[in-house]
Amino acid sequence: CVHTVCQQLIKPLTDSAGGMSWALMKHPEGLECDLFVTHSWNEGIYEFINKVLNSWPRGMRHAYCCMLSNPQNLDISDLIASPAESPFAKALQSSSHMLVVPNCRGSIYSRI
């Protein structure tokens, strides 16, 4: 699942590269996102990738997805202490589209 990929791949690689997010590790200058991707974290990584790629809105170039855009080695509570200033809020403000990724394990809305 996404948790496993995060624990076994994203966290170790980004930690050894300095602790930044996967997105900043790959694009140190940053990219302006126009697509906000939200998901439930309990889906399999292949299911997630397939659904995102097959549902990608035409014309969108860069996506914000928390597992790749937030530094996963940090305590998330620091990132959301001020919700209006959080990375989530900034990405939503910058995005013209949102992609809600469903999965076969349960409703994404069960996290609310």
Side-chain angles (χ1 to χ4, degrees):
C1 77
V2 170
H3 286 287
T4 303
V5 171
C6 206
Q7 288 297 328
Q8 295 181 6
L9 179 71
I10 295 171
K11 281 185 171 186
L13 287 176
T14 56
D15 189 44
S16 67
M20 75 291 289
S21 69
W22 181 272
L24 284 176
M25 183 178 76
K26 294 296 186 181
H27 302 279
E29 71 288 353
L31 297 170
E32 189 75 22
C33 71
D34 47 18
L35 176 63
F36 185 95
V37 177
T38 186
H39 63 108
S40 71
W41 281 84
N42 70 348
E43 64 273 354
I45 193 66
Y46 293 114
E47 178 184 16
F48 174 80
I49 291 168
N50 285 335
K51 287 186 175 172
V52 169
L53 292 177
N54 288 311
S55 303
W56 192 273
R58 192 175 308 251
M60 298 296 99
R61 298 188 52 205
H62 308 122
Y64 171 93
C65 179
C66 59
M67 74 172 147
L68 300 172
S69 301
N70 291 341
Q72 292 301 316
N73 292 301
L74 293 181
D75 181 353
I76 189 72
S77 63
D78 293 339
L79 293 175
I80 60 173
S82 174
E85 297 299 317
S86 72
F88 300 98
K90 290 179 181 180
L92 277 167
Q93 290 168 358
S94 136
S95 299
S96 61
H97 290 71
M98 177 185 283
L99 180 60
V100 178
V101 182
N103 68 79
C104 65
R105 291 191 178 186
S107 171
I108 185 172
Y109 302 109
S110 65
R111 291 184 64 201
I112 299 174

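In this text, all values refer to a predicted model and were calculated from it rather than measured experimentally. Along the sequence shown, residues are numbered consecutively beginning with 1.
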Hey, could you give me the [atom1]/[atom2] distance between [X] and [Y], rounded to the nearest 0.5 Å?
| X | Y | atom1 | atom2 | result |
| --- | --- | --- | --- | --- |
| Thr38 | Tyr64 | OG1 | OH | 9.5 Å |
| Gln72 | His3 | CD | NE2 | 10.0 Å |
| Leu79 | Ser82 | CG | OG | 11.5 Å |
| Met20 | His27 | CE | NE2 | 13.0 Å |
| Ser96 | Leu35 | OG | CG | 7.5 Å |
| Lys51 | Cys104 | NZ | SG | 6.0 Å |

Non-hydrogen atoms of [X] and [Y] that approach each other most closely:
| X | Y | value |
| --- | --- | --- |
| Arg105 | Cys1 | NH1-CB, 3.9 Å |
| Ala91 | Cys33 | O-SG, 3.8 Å |
| Thr14 | Ser21 | CG2-C, 3.8 Å |
| Cys6 | Pro12 | O-CD, 4.1 Å |
| Ile10 | Leu68 | CD1-CD2, 3.7 Å |
| Val52 | Leu99 | CA-CD2, 4.0 Å |

Report yes or no: does [X] contribute a side-chain atom to a donor-acceptor pair with the main-chain N or O of [Y] at less than 3.5 Å?
| X | Y | answer |
| --- | --- | --- |
| Asp78 | Ala81 | no |
| Asp15 | Lys11 | no |
| Glu43 | Trp41 | yes |

Let me check something: do [X] and [Y] share a hydrophobic cluster, defined by ILVMFWY side-chain heavy atoms less than 4.5 Å apart, either directly or through other members?
| X | Y | answer |
| --- | --- | --- |
| Ile49 | Trp22 | yes |
| Leu13 | Leu24 | yes |
| Val2 | Leu9 | yes |
| Ile80 | Leu92 | yes |

Next item on the list: Evaluate the side-chain contact (heavy atoms from CB on, under 4.5 Å) criterion for residues Met67 and Ile45: first the C-alpha distance (whole Å), next the side-chain angles of each, then the deciding distance (0.1 Å), finally the verdict.
Entry: CA-CA 11 Å; Met67 74 172 147; Ile45 193 66; 4.1 Å; yes
